[in-house]
Amino acid sequence: MHPYRTHNCGALGLDNAGTTVKLSGWVHRKRDHGGVVFIDLRDHYGLTQIVINPDVPFFSEAERVRNESVITIVGEVVKRTAETINPNMDTGEIEVVATDFIMESFVEETLPFTVNQELECPEETRLAYRFLDLRRERMHKNILLRSKTCALVREHLVAKGFVEYHTPILTSSSPEGARDYLVPSRVYPGQFYALPQAPQQFKQLLMVSGFDRYFQIAPCFRDEDSRADRSPGEFYQIDMEMSFITQDDLFAELEELMVRLFRELSNKTIAAEVFPRIAYRDAMEWYGTDKPDIRYEMKMIDCTDIFQNCELKVFSHQAAAGGVIKVLNGKGAAERPRKFFDDMERYARGEGAKGLAWLAVRDGEVKGPIAKFISDDEMRQLLERTGAVEGDALFFGAGQADETRELLGKVRQLLARQLDMIDQNLVSFCWIVDFPMYEKNPDTGQIEFSHNPFSMPQGGMDALLTKDPLDILAYQYDIVCNGIELSSGAIRNHRPEVMLKAFEIAGYPESEVKTQFPALWKAFHYGAPPHGGIAPGLDRMVMLLADEPNIREIIAFPLNQRAQDLLMGAPNYVSQEQLDELCLEINLPPEETPTV
RNA sequence: GGAGACGUAGUUCAGUCGGUUAGAACGCCGGCCUGUCACGCCGGAGGUCGCGAGUUCGAGUCUCGUCGUCUCCGCCA
């Protein structure tokens, strides 16, 4: 017989009754009746009830066993009597009556939290004992889901003719983007590698190398502060790139992958399998953000013209001064108590608004603090344009265009939550397309790339030569799901002369393009195919599939918010020998000198 | 770098208006129990109320500071 097991803890059923088996696993729970002890034995695969009868030599040892100890038992599989069947257990029709018992690993310490029930506990403790946390059902499931997601991505893309490549982890620091993680070179003292923020240039080089369809579940490293949906340090992208494709080709390819992932790995309903495309400008106009949650409709409606001459000075002054008046129709909000409207206004003020005017259509009348300042004609136009009917409430934002859109966009999200408009079982994708190539830095007035500098401008060289830079659009797109930006992508600029001109507009001289991006610059002179790609964030995908609000819940060993690994003790000081070998000297600011 | 929320037993929480010895459940230790499946019953141990100062006759409770955790802003081409 195998030293540890003949079956796993989820495998046994009525078919095995009467046979002798060996099982190993963790003590999930113990029920000691004095005369008989029941142990629910758990492993990766499931739970099996073990029965310890009082006449066995190891009875007292089994009675002493504590939860989470690892044991091996030999025993006979017995069909349970009708009254003792447990329908809540996959193996509930049988039990194993133990004839031998080996303590593999006894738990001596008090557990820092319970493994057999999923109580909330401080995340710090969970991270410090991650190996215990990962035994719990929720985390165990999440990590498995992550694995299934990777497996399905690979299976799908390989079947579609994609090839997975590895690209370097030790590479060069890139001039744009986030802060780099640096790795000192021993061979070249004073010089550094950087960990890749994304394999962007490598995947483009692979296309120039004649490989047609690239993908990689690629680790990316960015030294930026964390958020609930942003792990500090490292994360993974489903990185893709294709040659000789149009934007439409890429959209179709990605839609197929996303739909398959959600259909096979979640129970969610996919709102539309061909994802709606929203121009960047429209997204800002309607939703006040470039990552709208379109699980609910509720667009912002422009009513600036209606209030040109309004008695309400807040409105008419803004309209006259080039500002805008935007309105949200909160369907069904009119029945809410006054406190609801006060809370909405308090939220808006907290976000920097001067106030949040509102009107409620109730009992055939339009009520609210500003109602008496609005003329009958203005009111008629307002109701017509917003489609407000009995039971609806209108919320107003007035001010400078960008700020007002952004503010009301936030109000829109809160309103949708408060009014229970979000179908939690829905996944609603959209493409945000036609991003501007450039934007003006509000502080410096400089023209800068608004996204990826390697994107192809729409209209090509002609557009760069003839158009106002701020009017030029790029073949640059985002995929957004339920208000979360999953990825950016682009059809790339593969023509060196267009690349030079694009960088020139953003203030980069020719010499700088050649020295900052030597690989692509050189490669594009030796026959570069038109190409494009995208890189959906794997972690955020798994978050959506698992319905988890925090990215750390779908990573086995995440860093905490302050970018520390509490289990391994990283980051940490290194020895003087290691520093000497790298010709590095530590120069801490005085207040941060370690006290050890 | 900035803002907010939180911090009471190993864990989850309660703790009234500032007032006697800070409670409960789970876990842990001991005892009882032969059919439970979140087993049950009896008993016990376990607390620098994050830390420090202040107000007060008296602080878990009020004030200030500080540390920690999380969330958000900045940042993330």
Side-chain angles (χ1 to χ4, degrees), chain A residues 28-42 47-56 59 63-64 66-68 78 80-89 91-92 95 97 107-129 132-133 136 174-180 197-198 200-201 220-233 235 350-352 410 435 437-439 441 443 448-455 474 476 478 485 488-490 502-503 506 508 516-517 535 537 549-552 560-562 564 566:
Chain A
H28 188 64
R29 197 172 272 126
K30 184 184 70 178
R31 292 176 294 281
D32 184 353
H33 290 245
V36 62
V37 176
F38 298 98
I39 290 172
D40 291 340
L41 193 64
R42 183 195 73 234
L47 278 175
T48 301
Q49 174 163 282
I50 311 298
V51 183
I52 318 276
N53 282 314
D55 52 354
V56 294
F59 184 78
E63 239 186 337
R64 272 203 341 270
R66 284 166 56 167
N67 288 348
E68 297 310 309
V78 174
R80 295 203 204 180
T81 60
E83 320 84 70
T84 59
I85 286 174
N86 184 348
N88 301 320
M89 253 172 123
T91 61
E95 60 196 2
V97 180
V107 171
E108 314 207 3
E109 307 288 334
T110 300
L111 296 172
F113 48 81
T114 58
V115 173
N116 60 18
Q117 46 181 320
E118 312 261 329
L119 288 173
E120 291 292 317
C121 77
E123 192 172 13
E124 194 179 7
T125 314
R126 293 177 53 202
L127 291 176
Y129 293 88
L132 283 178
D133 192 31
R136 307 212 284 184
S174 62
E176 306 244 348
R179 220 173 279 116
D180 282 316
Q197 295 186 20
Q200 180 66 36
Q201 297 189 57
C220 303
F221 305 89
R222 295 177 192 174
D223 185 4
E224 297 296 339
D225 290 336
S226 74
R227 287 289 182 277
D229 64 352
R230 198 167 82 202
S231 188
F235 61 97
E351 292 295 326
K410 289 177 181 169
F435 274 85
M437 185 82 185
Y438 301 100
E439 63 192 6
N441 183 318
D443 299 328
E448 297 177 349
F449 287 112
S450 66
H451 261 73
N452 188 323
F454 304 120
S455 301
Q476 166 83 41
D478 280 3
E485 183 192 319
S488 285
F503 273 91
Y508 292 83
Q516 302 276 33
F517 309 101
N550 191 293
I551 200 163
R552 290 184 295 273
N560 68 8
Q561 193 191 330
R562 302 207 309 161
Q564 296 166 303
L566 298 175

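Naming: A, B, ... by sequence-line order, numbering from 1 per chain.
Within the 4.0 angstrom heavy-atom criterion, base atoms lie near A:His33. Among the atoms of the strands shown, base atoms are found under 4.0 Å from some heavy atom of A:Gln200. Using a 4.0 Å heavy-atom cutoff across all strands shown, A:Gln564 reaches sugar-phosphate atoms only and no base atom. No engagement by A:Asn116 is indicated, since no non-hydrogen atom pair under 4.0 Å with the nucleic acid exists. Heavy atoms of A:Arg552 sit under 4.0 angstrom from primed sugar atoms or phosphate atoms, though from no base atom. Across all strands shown, A:Pro453 has heavy atoms under 4.0 Å from base atoms, whether or not it also approaches the sugar-phosphate. The residue A:Gln561 sits close to a base: some heavy atom pair falls under 4.0 Å. Among the heavy atoms of the strands lying under 4.0 Å from A:Gln49 is at least one base atom, whether or not backbone atoms are also near. Within 4.0 Å (heavy atoms only), A:Pro112 reaches sugar-phosphate atoms of the nucleic acid but no base atom. As judged by a 4.0 angstrom heavy-atom cut-off over every strand, A:Arg227 is placed among the base-contacting residues. A:Asn86 comes within 4.0 angstrom of a base, heavy atoms only. Within 4.0 Å (heavy atoms only), A:Asn550 reaches sugar-phosphate atoms of the nucleic acid but no base atom.
When distances are taken from the side chain of A:Thr110 to each of B:rG27, B:rU36, B:rG68, the shortest belongs to B:rG27. Of the listed nucleotides (B:rU36, B:rG1, B:rC39), B:rG1 has the atom at the smallest distance from the side chain of A:Asp225.
In this structure, the CZ atom of A:Arg80 is 11 Å from the P atom of B:rU36, given to the nearest Å. Taking atom CD1 of A:Ile39 as the reference point, atom P of B:rA38 lies 16 Å away to the nearest angstrom. Atom P of nucleotide B:rA38 and atom CG of A:Leu119 are separated by 15 Å, given to the nearest angstrom. A:Arg230 has its CZ atom 9 Å from the P atom of B:rC76, to the nearest Å. Straight-line distance from the CG atom of A:Asp32 to the P atom of B:rG30: 11 Å, rounded to whole Å. If you measure from atom CG of A:Asn88 to atom C1' of B:rC39, you get 15 Å, rounded to the nearest angstrom. Residue A:Asp180 contributes atom CG, which lies 12 Å from atom P of B:rC76 at whole-angstrom precision. Rounded to an integer number of Å, the gap from A:Asn67 CG to B:rC39 P is 9 Å.
Panel note: side chain A:Arg136, backbone A:Asn116; no donor-acceptor pair is recorded below 3.5 Å. The main-chain N or O of A:Asp133 is never found under 3.5 Å from a side-chain atom of A:Arg126 such that the two would form a donor-acceptor pair. Not one N or O on the side chain of A:Ser450 forms a donor-acceptor pair closer than 3.5 Å with the backbone of A:Glu439.
Rounded to whole Å, the separation between the P atoms of B:rC33 and B:rA38 comes to 24 Å. Of the C1' atoms belonging to B:rC57 and B:rG15, the separation is 23 Å, rounded to the nearest Å. Taking the P atom of each, B:rA3 and B:rU8 are spaced 24 Å apart, rounded to whole Å. B:rC26 and B:rC39 are spaced 11 Å apart, taking the P atom of each and rounding to whole Å. Rounded to a whole angstrom, the distance from the C1' atom of B:rA9 to that of B:rG44 is 15 Å. Separation of the C1' atoms belonging to B:rG30 and B:rU21 is 25 Å when rounded to the nearest angstrom. To the nearest whole angstrom, the two C1' atoms, one in B:rG50 and one in B:rG35, are 47 Å apart. Only the P atoms considered, B:rC62 is 11 Å distant from B:rC6, to the nearest whole Å.
In this structure, A:Arg31 does not reach the B:rU36 phosphate: none of its side-chain N or O atoms is under 4.0 Å from OP1 or OP2. Note on A:Arg562: a side-chain N or O is less than 4.0 Å away from OP1 or OP2 of B:rU69. A:Arg222 has no side-chain polar atom (N or O) that falls below the 4.0 Å cut-off from OP1 or OP2 of B:rC75.
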Which nucleotides of RNA chain B pair, in dot-bracket form (Watson-Crick or G-U under 3.5 Å, | meaning another strand): (((((((..((((.....[...)))).(((((.......))))).....(((((..]....))))))))))))....
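Within a 6.0 Å sphere centred on CZ of A:Phe517, heavy atoms belonging to other residues, nucleotides or ligands number more than 12. By the neighbour-count criterion of 12 heavy atoms within 6.0 Å, atom CZ of A:Arg66 is densely surrounded, having more than that number from other residues, nucleotides or ligands.
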Chi angles and distances behind the salt bridge (charged side-chain N to carboxylate O under 4.0 Å, His left out) call for A:Asp40, A:Arg31: CA-CA 9 Å; A:Asp40 291 340; A:Arg31 292 176 294 281; 3.0 Å; yes
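By the criterion of a centre-to-centre distance under 5.5 Å and near-parallel planes under 30°, the ring of A:Phe113 forms no stack with the base of B:rU11.
In summary, the side chains of A:Ser455 and A:Gln476 do present a donor paired with an acceptor at a separation below 3.5 Å, with no hydrogens or angles considered.
Look at A:Arg230 and A:Glu224 and you find no salt bridge, because none of the NZ, NE, NH1 or NH2 atoms lies under 4.0 Å from a carboxylate O. With respect to the salt-bridge test (charged N to carboxylate O, under 4.0 angstrom), the residues A:Arg29 and A:Glu68 do not qualify.
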